[in-house]
Amino acid sequence: MALSDAAKLLQKARHVVVFTGAGISAESGVATFRDALTGLWSRFDAQSLATPQAFAEDPDLVWGWYEWRRQQVQQVRPNHGHLAVARLKDHVPQLTVITQNVDDLHERAGSDTPTHLHGSLFAPRCAACSRPAPLPATTEEQPAGGRRVPPPRCAHCAGPVRPGVVWFGEALPEQALESAVRAASSCDVLLTVGTSGLVYPAAEIPRLAARSGAAVIQVNPQPTPLDPLATVNLPGPAAELLPALLTTTWPGPPLSTP
Ligand code: BJW
Ligand code: ZN
């Protein structure tokens, strides 16, 4: 049975990397990107919202859309998948959490310092001078899909403040990518959860772990391009399978309600 195969790999691992994508937050109510019908890119145009060109051409549209996304995340809670990931640190000698997500649900579930490969909705910065900018206080409820909101101005250079996320065509934060590459090259087990494995260079992380000799465990209800490299495939939702994996590996009390 796949769960017990995965449990055996985790029991003997010294360094475990958890690599997450939007699917781990889906059961908290945060939309993924590429799921048919529900994914953000089935309803919104990535080129008009998630590129530096889009922000240069229409900063109010882009800023307002991300304000809506940020408010949505603030209104939801981590789920049992995030909690199970956080709990792993009580069981394995070394744990590294690498996420492509721009939400803060890993942190709120108790994972101390997840590596954010694609930035954060909670770290705006100046588009001109790159200095960090304060988060504006969110007041009124944003309509679905957001509304046009002029971005705040940088206190140092008056440039437009932009969301602190990584858009298409932009480089990933250097330190985050370096530490992810280091962890993937040296772990014994990489657990990939809720990612389509389509967006590079992040999608190289599980591939690098497999090439470096790590066992790869995948949790995802749908097939992905990572299937052929997975040592164990656990098809299903993260909020169910991650707690099940935890208690199969280290029997103990169930996770408390998030
Ligand atoms: C569940 C579940 C449940 C559902 N439980 N699971 C051609 C080939 C290769 C590369 C390229 C190419 N053309 C262009 C590129 C480059 C491009 C890229 O990879 N594009 C591909 C899409 C083709 N990459 C880039 O542009 C990157 N930068 C770059 O390459 O820079 C080069 C450079 C170097 C030096 C200087 C300058 C430049 C940057 C990529 C940035 C990605 N940004 C986004 C948006 C972030 C901000 C925002 O949130 O708006 O990041 S795109 C989006 O995709 C987001 C995600 O982090 C990322 C990955 O998505 P993820 O997490 O995998 O989500 P989904 O929706 O794809 O999958 C969800 C999965 O969950 C599914 O499998 C479901 O089945 C599953 N699931 N319910 C468990 N309950
Ligand atoms: Zn500035």
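Counting convention: from 1, in listed order, for ligands and their atoms alike.
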Trainee: Using 2.8 Å as a strict upper limit, say whether an N, O or S atom of H156 approaches the Zn ion (ligand 2) that closely.
Mentor: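 False for H156.
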Trainee: For atom 19 (O) of ligand 1, is the nearest protein heavy atom under 4.0 Å away?
Mentor: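 Yes, there is one.
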Trainee: Before signing off on this row, confirm whether H118 and ligand 1 have an N or O atom pair separated by under 3.5 Å.
Mentor: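 N/O-N/O distance below 3.5 Å exists for this pair.
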Trainee: Go through R43 and T38 one step at a time and tell me if the side chain to side chain contact (heavy atoms under 4.5 Å, CB included) criterion holds.
Mentor: CA-CA 8 Å; R43 293 180 287 147; T38 57; over 6 Å; no
Trainee: For atom 1 (C) of ligand 1, which of P225, P201, P221 has the closest heavy atom?
Mentor: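 Residue with the shortest heavy-atom distance to the ligand atom: P221.
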Trainee: Is it the case that T99 and T20 place a side-chain donor and acceptor less than 3.5 Å from each other?
Mentor: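 Yes, because at least one side-chain N or O of T99 sits under 3.5 Å from a partner of the opposite role on T20.
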Trainee: Short N/O distance, under 3.5 Å, between S196 and ligand 1?
Mentor: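 Yes: some nitrogen or oxygen of S196 is under 3.5 Å from one in ligand 1.
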Trainee: Compare all side-chain heavy atoms of Q100 with those of I205 and state whether any distance is below 4.5 angstrom.
Mentor: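 Side-chain contact under 4.5 Å: no.
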Trainee: Any idea which protein heavy atom is nearest atom 73 (O) of ligand 1, and the distance to it?
Mentor: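 Atom 73 (O) of ligand 1 sits closest to the protein heavy atom N220 ND2, 2.9 Å.
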Trainee: Measure the shortest side-chain to side-chain distance between L121 and P163 over non-hydrogen atoms and say whether it is less than 4.5 angstrom.
Mentor: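 No, their side chains stay 4.5 Å or more apart.
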Trainee: Please state which protein non-hydrogen atom is closest to atom 28 (N) of ligand 1 and give its distance, to 0.1 Å?
Mentor: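 In this structure, atom 28 (N) of ligand 1 has E170 O, 2.8 Å as its nearest protein heavy atom.
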Trainee: Determine whether the side chain, the backbone, both or neither of R69 has a heavy atom under 4.0 Å from any heavy atom of ligand 1.
Mentor: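 For R69, only side-chain atoms sit under 4.0 Å from ligand 1.
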Trainee: Do D5 and T231 have side chains that approach each other closer than 4.5 Å (heavy atoms only, starting at C-beta)?
Mentor: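 SC-SC contact between D5 and T231 ruled out.
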Trainee: Compute both the distance and the angle, then confirm whether R162 meets the cation-pi test with W167: under 6.0 Å from the six-membered ring centre, within 45 degrees of the axis.
Mentor: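 Satisfied, under 6.0 Å and within 45°.
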Trainee: Indicate whether atom 14 (C) of ligand 1 is within a distance of less than 4.0 angstrom of some protein heavy atom.
Mentor: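 When distances to the protein are checked, atom 14 (C) of ligand 1 has no heavy atom within 4.0 Å.
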Trainee: By number and element, which atoms of ligand 1 are closer than 4.0 Å to a non-hydrogen atom of A171?
Mentor: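 Checking each atom against A171, I get 35 (C), 36 (C), 37 (C), 38 (C).
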Trainee: Checking a contact table here: which protein heavy atom is nearest atom 9 (C) of ligand 1, and how many Å away?
Mentor: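 The protein heavy atom lying closest is Y200 CD1, 4.1 Å.
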Trainee: Could you please spell out the steps behind the side chain to side chain contact (heavy atoms under 4.5 Å, CB included) verdict for K89 and D112?
Mentor: CA-CA 10 Å; K89 68 171 176 281; D112 304 328; 4.1 Å; yes
Trainee: Would a 4.5 Å heavy-atom cut-off, applied to side chains only, mark R147 and Q142 as touching?
Mentor: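 In short, these two side chains touch, coming nearer than 4.5 Å.
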Trainee: Under 4.0 angstrom from atom 7 (C) of ligand 1, is there any protein heavy atom?
Mentor: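 Neighbour list for atom 7 (C) of ligand 1 is empty of protein heavy atoms (cut-off 4.0 Å).
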Trainee: Hey, is atom 11 (C) of ligand 1 touched by any protein heavy atom at less than 4.0 Å?
Mentor: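 So far as the 4.0 Å threshold goes, atom 11 (C) of ligand 1 is out of reach of every protein heavy atom.
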Trainee: Less than 3.5 Å between some nitrogen or oxygen of A22 and one of ligand 1, yes or no?
Mentor: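 Yes.
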Trainee: Ignoring angles and geometry beyond distance, decide whether A238 reaches within less than 3.5 Å of ligand 1 through its nitrogen or oxygen atoms.
Mentor: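 N/O-N/O distance below 3.5 Å exists for this pair.
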Trainee: V165 heavy atoms, cut-off 4.0 Å: which ligand 1 atoms fall inside?
Mentor: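 So the atoms of ligand 1 that pass are 47 (C).
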Trainee: If we count only N and O atoms by modelled type, under 3.5 Å, do the side chains of H82 and S111 hold a donor and an acceptor together?
Mentor: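 There is no such pair between these side chains.
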Trainee: Does a side-chain heavy-atom distance below 4.5 Å link R207 with P225?
Mentor: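 They are in side-chain contact.
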Trainee: Give me the nearest non-hydrogen protein atom to atom 52 (S) of ligand 1 as residue plus atom name, then the distance to 0.1 Å.
Mentor: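 Heavy-atom neighbour on the protein nearest atom 52 (S) of ligand 1: F168 CZ, 3.4 Å.
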Trainee: Assigning hydrophobic clusters by single linkage (Ile, Leu, Val, Met, Phe, Trp, Tyr; side-chain heavy-atom cutoff under 4.5 Å), is V97 placed with V92?
Mentor: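 Yes; tracing contacts between hydrophobic side chains, which count when under 4.5 Å, links both residues.
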Trainee: Which residue owns the protein heavy atom closest to atom 21 (C) of ligand 1, what's the atom, and how far is it?
Mentor: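 Sorting protein heavy atoms by distance from atom 21 (C) of ligand 1 puts L198 O, 3.6 Å first.
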Trainee: What protein heavy atom sits nearest atom 78 (N) of ligand 1, and how far off is it?
Mentor: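 Here the nearest protein heavy atom works out to A26 CB, 3.8 Å.
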Trainee: Is a side-chain N or O of S28 found less than 3.5 angstrom from the main chain of V30, in a donor-acceptor match?
Mentor: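 Checking the backbone N and O of V30 against the side chain of S28, no donor-acceptor pair under 3.5 Å is found.
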Trainee: How far is atom 2 (C) of ligand 1 from its nearest protein heavy atom, and which residue and atom is that?
Mentor: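 Checked against all protein heavy atoms, atom 2 (C) of ligand 1 sits closest to G23 O, 3.5 Å.
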Trainee: Report the part of Y66 in contact with ligand 1, treating N, CA, C, O as backbone and CB onward as side chain, heavy atoms under 4.0 Å; options are side chain, backbone, both, neither.
Mentor: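 Looking at Y66 and ligand 1, just side chain atoms fall under 4.0 Å.
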Trainee: Please note down the angle at the Zn ion (ligand 2) between SG of C129 and SG of C126, to the nearest 10°.
Mentor: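 C126 SG and C129 SG form an angle of 110° at the Zn ion (ligand 2).
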Trainee: Going by the closest heavy atom to atom 69 (C) of ligand 1, which one wins out of G81, G194, G21?
Mentor: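 Nearest heavy atom to atom 69 (C) of ligand 1 lies in G194.
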Trainee: Which residue from L226, V199, V62, L49 reaches closest to atom 40 (C) of ligand 1 through any of its heavy atoms?
Mentor: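 Closest candidate by heavy-atom distance is V199.
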Trainee: Would you check if L245 and L3 make a side-chain contact, meaning some heavy-atom pair closer than 4.5 Å?
Mentor: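 Yes, side chains in contact.
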Trainee: Below 4.0 Å, non-hydrogen atoms only: which portion of Q100 touches ligand 1? Side chain, backbone, both or neither.
Mentor: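 The answer is both.
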Trainee: Relative to the heavy atoms of E27, which atoms of ligand 1 are at a distance of less than 4.0 Å?
Mentor: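 Here the atoms of ligand 1 in question are 3 (C), 5 (N), 80 (N).
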Trainee: Can you check whether S196's main-chain N or O pairs, donor with acceptor, with N220's side chain at less than 3.5 Å?
Mentor: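 Here the side-chain-to-backbone pair does not exist.
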Trainee: Can you find an N/O atom of W65 closer than 3.5 Å to an N/O atom of ligand 1?
Mentor: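 So ligand 1 has no N or O lying under 3.5 Å from an N or O of W65.
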Trainee: Could you pull out the closest heavy-atom pair between L246 and A84, with the gap in Å?
Mentor: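 Distance-wise, the nearest heavy atoms are CD1-O, 4.0 Å.
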Trainee: Answer whether the closest heavy-atom distance between the side chains of V149 and W68 falls below 4.5 Å.
Mentor: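 Side-chain contact under 4.5 Å: no.
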Trainee: Side chain, backbone, both or neither: which part of A50 has a heavy atom under 4.0 Å from ligand 1?
Mentor: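 Contact part for A50 vs ligand 1: neither.
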Trainee: Check this for me: does any side-chain nitrogen of one of R148 and D58 sit under 4.0 Å from a carboxylate oxygen of the other?
Mentor: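 So R148 pairs with D58 through a salt bridge.
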Trainee: Yes or no, since that's all I need: does a protein heavy atom fall within a distance strictly under 4.0 Å of atom 37 (C) of ligand 1?
Mentor: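 Yes, because at least one protein heavy atom sits under 4.0 Å from atom 37 (C) of ligand 1.
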Trainee: Is the backbone N or O of A239 less than 3.5 Å from a side-chain atom of E27, with the two atoms forming a donor-acceptor pair by type?
Mentor: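 At least one qualifying donor-acceptor pair exists.
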Trainee: Short list, please: which atoms of ligand 1 are under 4.0 Å from a heavy atom of V102?
Mentor: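 Answer, ordered by atom number: 49 (O).
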Trainee: May I ask whether G169 places a heavy atom under 4.0 Å from ligand 1?
Mentor: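 It does; at least one heavy atom falls under 4.0 Å.
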Trainee: Just to confirm my output: which protein heavy-atom neighbour is closest to atom 4 (C) of ligand 1, and how far is it?
Mentor: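 It is D35 OD2, 3.4 Å.
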Trainee: Check T195 against ligand 1 and report side chain, backbone, both or neither, counting heavy atoms closer than 4.0 Å.
Mentor: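 Both backbone and side chain.
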Trainee: Given L241, T224, V166, identify the one with the heavy atom nearest to atom 43 (N) of ligand 1.
Mentor: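 The option holding the nearest heavy atom is V166.
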Trainee: Do L190 and V219 sit in one hydrophobic cluster, given that two such residues count as connected whenever their side-chain heavy atoms are within less than 4.5 Å of each other, even indirectly?
Mentor: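 Result: no, two separate clusters.
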Trainee: Which of the listed options, E240, R34, Q222, E204, holds the heavy atom that is closest to atom 54 (O) of ligand 1?
Mentor: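 Going through E240, R34, Q222, E204 one by one, R34 has the nearest heavy atom to atom 54 (O) of ligand 1.
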